[in-house]
Amino acid sequence: MAGMASKVKVPAGVDWGRVTGFQRRVFEALLRVPAGRVTSYAALARAIGCASPRAVGQALRRNPFAPVVPCHRVVTAAGTLGGFNGATSGPELERKRRLLAAESVHFSRDGRLAEPVRLLAVF
DNA sequence: AGACCCGGACGCG
DNA sequence: CGCGTCCGGGTCT
């Protein structure tokens with residue numbers, strides 16, 4: 001029985017044929033993170049058995065299904081925003097912050113997650 | 001084959 | 001506590 005690990009329904013418009021196997025694993029795992037919660041690159045990597053959080057960031061950067069595949073729900077393990085759409089600061093990051101704010105995920109003035117409890121270490 | 005990348009852990013000052 | 005350093009896996013050229 002292949003693909004039984006996840007019960008998450010694949011949203012319309014998402015075509016796994018357009019991405020690599022690794023990207024698919026990342027995206028499928030990410031689809032389990034609900035609005036109002038976030039996860040980290042490291043946690044996401046762990047969830048799919050990958051030792052390189054950076055490789056996950058790489059996959060998310062090239063996410064062709066945003067925002068259906070919610071790559072904006074991935075922050076750094078330290079609770080800072082991380083990157084978005086190839087940028088680690090500037091307007092793009094502001095966009096990411098606003099997407100999260102719309103899901104009741106807020107950041108303090110020091111740039112860290114206001115409510116760390118919202119970060120799923122495992123999922 | 002080489003460079004690049006949306007991170008993270010660790011070591012030091 | 002804040003920095004520098006190295007490691008890591010995957011993808012693009």
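Of the candidates B:dG8, B:dC6, C:dG10, B:dG8 carries the atom nearest the A:A77 side chain, counting heavy atoms from C-beta on. Proximity note for A:S52 (side chain, C-beta onward) versus C:dG8, B:dG8, B:dC5: the nearest is C:dG8. When distances are taken from the side chain of A:L60 to each of B:dC6, B:dG7, C:dT11, the shortest belongs to B:dC6. Side-chain atoms of A:A51 lie closest to C:dG9 of the nucleotides B:dC6, B:dG8, C:dG9. The listed nucleotides are B:dG8, B:dC6, C:dC12; the one nearest the side chain of A:P53 is B:dG8.
A:K96 NZ to A:F107 CZ: the interatomic distance, rounded to the nearest 0.5 Å, is 7.5 Å. Put simply, CZ on A:R24 and CZ on A:R18 are 14.0 Å apart, with the number rounded to the nearest 0.5 Å.
Taking atom CG of A:L30 as the reference point, atom P of B:dC6 lies 17 Å away to the nearest angstrom. Rounded to a whole Å, the CD1 atom of A:I48 is 17 Å from the P atom of C:dG8. Separating the CG atom of A:L100 from the C1' atom of B:dC6 is a distance of 13 Å, rounded to the nearest angstrom. Rounded to an integer number of Å, the gap from CZ of A:F84 to P of B:dG7 is 14 Å. Atom-to-atom, CZ of A:R25 to P of C:dG9 comes out at 12 Å; the value is rounded to the nearest Å. Rounded to whole angstrom, the span from the CG atom of A:L44 across to the P atom of C:dG10 amounts to 13 Å. Here B:dA3 presents its C1' atom at 11 Å from CD of A:Q58, a figure rounded to the nearest Å. Rounding to whole angstrom units, CG of residue A:L81 and P of B:dG8 are separated by 13 Å.
For A:V56 and A:R62, each mapped to the nucleotide of DNA chain C holding its nearest heavy atom, the one lying further toward the 5' end belongs to A:V56. Along DNA chain B, the nucleotide nearest A:R46 and the nucleotide nearest A:Y41 are compared for position; the residue whose nucleotide lies closer to the 5' end is A:Y41.
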Where do A:E28 and A:R25 land on the salt bridge (Lys or Arg N to Asp or Glu O under 4.0 Å) test, with the steps shown first?
CA-CA 5 Å; A:E28 282 183 327; A:R25 275 186 282 142; over 6 Å; no

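The side chain of A:R54 places no N or O atom within less than 4.0 Å of a non-bridging phosphate oxygen (OP1 or OP2) of B:dC6. Using a 4.0 Å cut-off, some side-chain N or O of A:T20 falls inside it from OP1 or OP2 of C:dT11.
The side-chain contact (heavy atoms from CB on, under 4.5 Å) test with A:E103 is passed by exactly one of A:R118, A:R37, A:R73: A:R73.
The pair A:E94-A:R98 does not count as a salt bridge, with every side-chain nitrogen at least 4.0 angstrom from each carboxylate oxygen.
Base pairing annotation: C:dC6 forms a Watson-Crick or G-U wobble pair with B:dG8, both donor-acceptor distances under 3.5 Å.
Within the 4.0 angstrom heavy-atom criterion, only backbone atoms of the sugar-phosphate kind lie near A:F22; the bases stay farther away.
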